[in-house]
Amino acid sequence: MDITNIIDPLNDAQRAAVTAPNRAVLVLAGAGSGKTRVLVHRIAWQIRVEGVSAHSILAVTFTNKAAREMRNRIEDLLDLSTQTMWIGTFHGLAHRLLRRHAKQAKLPDTFQVMDSSDQLRVIKRLVAALGLDETKWPPKQIQWFINAQKDEGKRARHQIDSGDLFQRQMLAVYKAYEELCDRSGLVDFAELLLRAHELLRDNRDLLAFYQQRFLQIHVDEFQDTNTIQYAWLRLLTEGKDNLFLVGDDDQSIYGWRGARVENIFNFQKHYPNHQVIKLEQNYRSTGNILNAANKVISKNEARMGKELWTDAGKGDLISLYAAFNELDEAYFVVDRIKAWVNEGGLRKDAAILYRSNAQSRQFEEKLMATATPYRVYGGLRFFERAEIKNALAYLRLMSNRDDDASFERVINTPTRGLGAKAIEDIRLIAKDQGISLWAAAIALLNQKAMSPRAKNALVGFLELIDRLEGLAAELELYEKVQLVNEQSGLIYLYKNEKGDRGEEKLENLEELVNAARLFDAEQDNEESLSELDLFLSHAALEAGDMQGDEFEDCVQLMTLHSAKGLEFKLVFLVGMEEGLFPSQQSSDDIARLEEERRLCYVGMTRAMQQLYLTYAESRRIYGKENYSRPSRFLREIPAELIQEVRMRAHVSRPLAAEKPTHSIKQERRFNLGQRVGHAKFGEGVVLQLEGEGAQERAQINFKQAGVKWLMLSYAHLDAL
DNA sequence: GATTGCGATCTTTTT
DNA sequence: GATCGCAATC
């Protein structure tokens, strides 16, 4: 058998991991050391050499993207379909288990997955129903509490009453929340994991079945697992040693959302027969970048200890730029990107990494002003958009009338005359009788004299859902979506929305039909579930990766967190100031500070060739001028690895840099009240002017298109 | 039922 | 500073 393609591309440490004897293995894989490769080749090794059936492979990742990549790479390497392997996210696999064994998991067949914004809405409503003051009991905090409990495997009933008023109240909401979810057939993300764990724990026969099926279990990014995820892995590997874990304690940056690096240590206790293999050769960055990153991370106390090295040479020094303020910082970065591009670099090889999303704006403005294409990661994704969630809510109701979250969402969207009063009445009945809102609405119609108007509206709504279900029965999935879009009145609603937001929403609804058309139920459908239910779960579990412009040559802007796992030739780590990075909230707690430091380490190790660090002496934060000291992380980098940059012609004083030499008034091409023409929007009148030079913007009241702000450097306006 | 205005809030994010 | 959610208003 030819296994050269599995073994040959590996270095010694990688090969040791891939070919390790069949027992528990922990691979500590430094940044850029080829951890995905090891995982993929390990699976290939097991199949080709150990004779493990593909059917017996389980591989868990944290993101859908990582799962997809793993599938693709295994298929490429082995020329073998991964169809029969269980490869997915913890949540995706848990979902699959629950679908297969809904009964035993005590869930209705049509249960649906709530995303976090659904969850927050439900909690908000609950807080109101319980008569709690939202300012005293912030729903966000309650949501956080509930999820934290679930991540630790705790139900409301497991808690002992400590007499603490705060805790008692939190538990009361938790309990009410559990009841509502059970009644509605709704499952949040944390619940997927918790329930999947309980399912296996409480059904020994089922557990035995899966223990026998999954002969090899692989986990990516193990340092990010939380308590319940690890417990789930332990159940599946009970009495066996068939775990292959890959992770990096130095890249644990999700402690704040429940990830437990300690799982790495616990693993070593729980699987005494294990083997640890370190991957320390880095194939990504230059020697200087690695040395600097090593030095920074070495300041952390809590770590296993690892030192990256490369045989690729030292490369350039790390550049440090002290900006006058945040505008100057942006100016500098964009200037450097321009130079990079002029020298033949690609924009998409350049990334601007920041600690918090709010920092992206200056960079966006400067990039826009220089007409440099860019792409910002983060923000709303496709399936999270309001119009999409509305359409999905109709579909969910069609599948499951008891889905209260969806019921509430669309009972009056589009408005059909069912206001706060009617909804309040329905809620009251639901609460009294412990039934779903749908059932309560029917009860309300039967028992109480309502105003004829409200009654009509309510009957209309209930009948609409029933009718939609009937009409959809024989249709293809995408036709069902189309049907809902039209008959629900959503299309009509957005068509009449003023401004250009409505048009975008219509396009998104259209895109949803398209997504349904392309949806491939095959891959998930070992279970004989309705295609609609699968599509709806898919929408919740995979909120949709970013927009389609992925292949365009754009400068990449993202937070340090979202940069994990990526690499760029040219990296700017911006906003290196005390209070920002490390963030203020982390600076008084050593554990959190160390997590910030790991974040810094992650950021630095994204860079392949050139790394720029910048900070601003003054920065506007929340509208107020702040003067901060440079980040302590900068001092942790040996001085000999850093070169300080001064801008040449450009003086860092913003007044000199920003203002053109000529007066603003003379430059104005348009005046207030002037009539102008636009190729797309037609004729309009200038209402306001602001900014200057490339940034000049005008607010224009168009006869047809309404009031808009336009960048004059982009919009070609004609004076009329 | 839509529009306006006011105050509170303001890491990080995937599922 | 900007957004968002909620309440008062037309």
Side-chain angles (χ1 to χ4, degrees), chain A residues 60-67 88-96 113-121 124 128 134-135 138-141 144 147 150-151 187-194 196 220-221 224-226 228-229 252-259 326 353-362 377-381 383-384 386 412-421 457 493 496-498 537-546 558-565 575 579-587 592 595-596 598-600 602-603 619-626:
Chain A
V60 201
T61 63
F62 274 82
T63 66
N64 292 302
K65 195 172 149 199
T89 62
F90 275 104
H91 293 86
L93 298 172
H95 173 251
R96 194 166 178 177
V113 182
M114 271 192 293
D115 69 16
S116 20
S117 65
D118 295 331
Q119 186 188 31
L120 187 61
R121 287 170 72 108
K124 268 191 181 158
E134 266 204 27
T135 54
K140 274 244 174 72
Q141 203 179 333
W144 188 87
N147 289 338
K150 290 190 179 186
D151 285 347
V187 173
D188 62 50
F189 288 136
E191 182 74 25
L192 284 170
L193 303 175
L194 177 53
D220 191 16
E221 306 275 20
D224 287 337
T225 48
N226 63 29
I228 197 74
Q229 286 163 338
S252 157
I253 54 175
Y254 288 111
W256 53 274
R257 64 172 197 214
E326 77 276 8
L353 310 182
Y354 34 78
R355 176 67 239 265
S356 79
N357 283 117
Q359 287 168 260
S360 74
R361 237 195 52 219
Q362 284 81 249
Y377 287 70
L380 265 198
R381 285 167 320 161
F383 286 109
E384 290 168 357
N412 204 29
T413 311
T415 51
R416 48 172 70 82
L418 288 166
K421 177 73 176 66
L493 173 73
N496 292 339
E497 195 164 290
K498 48 196 166 310
S537 305
H538 167 85
L541 285 168
E542 196 161 345
D545 283 333
M546 302 317 287
M558 67 190 82
T559 62
L560 286 160
H561 282 90
S562 18
K564 192 166 97 170
L580 233 197
F581 187 35
S583 81
Q584 189 61 57
Q585 294 95 318
S586 307
S587 54
R592 299 177 69 181
E595 182 152 313
E596 296 278 314
R598 291 193 290 270
L599 199 51
C600 181
V602 167
R619 178 184 299 274
R620 285 185 91 82
I621 298 174
Y622 305 139
K624 276 185 70 180
E625 203 79 25
N626 279 70

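Values reported hereafter were calculated over all heavy atoms of this structure, with side chains retained and with hydrogens, waters and symmetry mates removed. Below, chains carry the letters A, B, ... as their sequence lines are ordered, and counting in each starts from 1.
- Comparing atom distances between the H91(A) side chain and each of dT15(B), dT13(B), dG1(C) picks out dT15(B) as nearest.
- Shown here are the side-chain hydrogen bond (donor to acceptor under 3.5 Å, both in side chains) partners of S562(A), two or more places apart in sequence or in another chain: T559(A).
- Nearest to the side-chain atoms of L541(A) among the listed nucleotides dT15(B), dT11(B), dG1(C) stands dT15(B).
- What separates CD of Q141(A) from P of dT9(B) is a distance of 11 Å, to the nearest Å.
- Here dC4(C) presents its P atom at 11 Å from NZ of K140(A), a figure rounded to the nearest Å.
- dT14(B) has no stacking from Y254(A) on its base ring, since the centres under 5.5 angstrom apart and planes within 30 degrees of parallel are not both found.
- A donor-acceptor pair is defined here as one N or O able to donate and one able to accept, closer than 3.5 Å; no such pair exists between the side chain of R355(A) and the backbone of L580(A).
- Side-chain proximity of S586(A) to the nucleotides dG1(C), dT13(B), dT11(B) is greatest for dT11(B).
- Taking atom CG of L380(A) as the reference point, atom P of dT3(C) lies 13 Å away to the nearest angstrom.
- The H561(A) side chain lies nearest to dT12(B) when the options are dT12(B), dG1(C), dT15(B).
- Mapping T135(A) and S356(A) onto DNA chain B via the closest heavy atom, the residue that lands nearer the 5' end is T135(A).
- A side-chain N or O of Q119(A) and one of N147(A) form a donor-acceptor pair less than 3.5 Å apart.
- Put simply, R257(A) has no side-chain N or O that comes within less than 4.0 Å of OP1 or OP2 on dT14(B).
- Residue Q359(A) contributes atom CD, which lies 11 Å from atom P of dT11(B) at whole-angstrom precision.
- Residue E134(A) places its side chain closer to dC6(C) than to any other of dT15(B), dT13(B), dC6(C).
- Across all strands shown, N357(A) has heavy atoms under 4.0 Å from sugar-phosphate atoms exclusively, and none from any base.
- Backbone-only contact: T63(A) has heavy atoms under 4.0 Å from sugar-phosphate atoms and none from a base.
- If you check dT14(B), dA2(C), dT12(B) against the side chain of R361(A), the one that comes closest is dA2(C).
- Listed nucleotides: dT15(B), dG1(C), dT13(B). Nearest to the side chain of F189(A): dT15(B).
- Look at T559(A) and you'll find a side-chain N or O under 4.0 angstrom from OP1 or OP2 of dT13(B).
- The distance between atom CD of Q585(A) and atom P of dC10(B), rounded to the nearest whole Å, is 9 Å.
- Q141(A) places no side-chain N or O within 3.5 Å of a backbone atom of P138(A) that could act as its donor or acceptor partner.
- As a whole-Å value, the separation of D115(A) CG from dT15(B) P is 12 Å.
- Comparing dT15(B), dT14(B), dT11(B) against the side chain of E596(A) picks out dT11(B) as the nearest.
- In this structure, the nucleotide among dT13(B), dT15(B), dG1(B) sitting nearest to the side chain of R381(A) is dT15(B).
- Mapping L599(A) and R416(A) onto DNA chain B via the closest heavy atom, the residue that lands nearer the 5' end is R416(A).
- Among the protein residues, Y622(A) comes within range of the nucleic acid bases, having at least one heavy atom under 4.0 Å from a base atom.
- At distances below 3.5 Å, not a single donor-acceptor pair connects side-chain atoms of E134(A) with backbone N or O atoms of P139(A).
- Going from atom CD1 of I621(A) over to atom CD of E326(A) covers 8.5 Å, rounded to the nearest 0.5 Å.
- Between the CG atom of N496(A) and the C1' atom of dA2(B) there is a distance of 14 Å, rounded to whole Å.
- Under the rule for a ring-ring contact (aromatic ring centres under 6.0 Å, His included), the partners of F189(A) that lie at least two apart in sequence or sit in another chain are H91(A).
- Using a 4.0 Å cut-off, no side-chain N or O of N64(A) falls inside it from OP1 or OP2 of dT14(B).
- The separation between F62(A) atom CZ and dT15(B) atom P is 11 Å, rounded to whole Å.
- Among the heavy atoms of the strands lying under 4.0 Å from S116(A) is at least one base atom, whether or not backbone atoms are also near.
- Closest to the side chain of E384(A), from the set dT11(B), dT15(B), dT13(B), is dT15(B).
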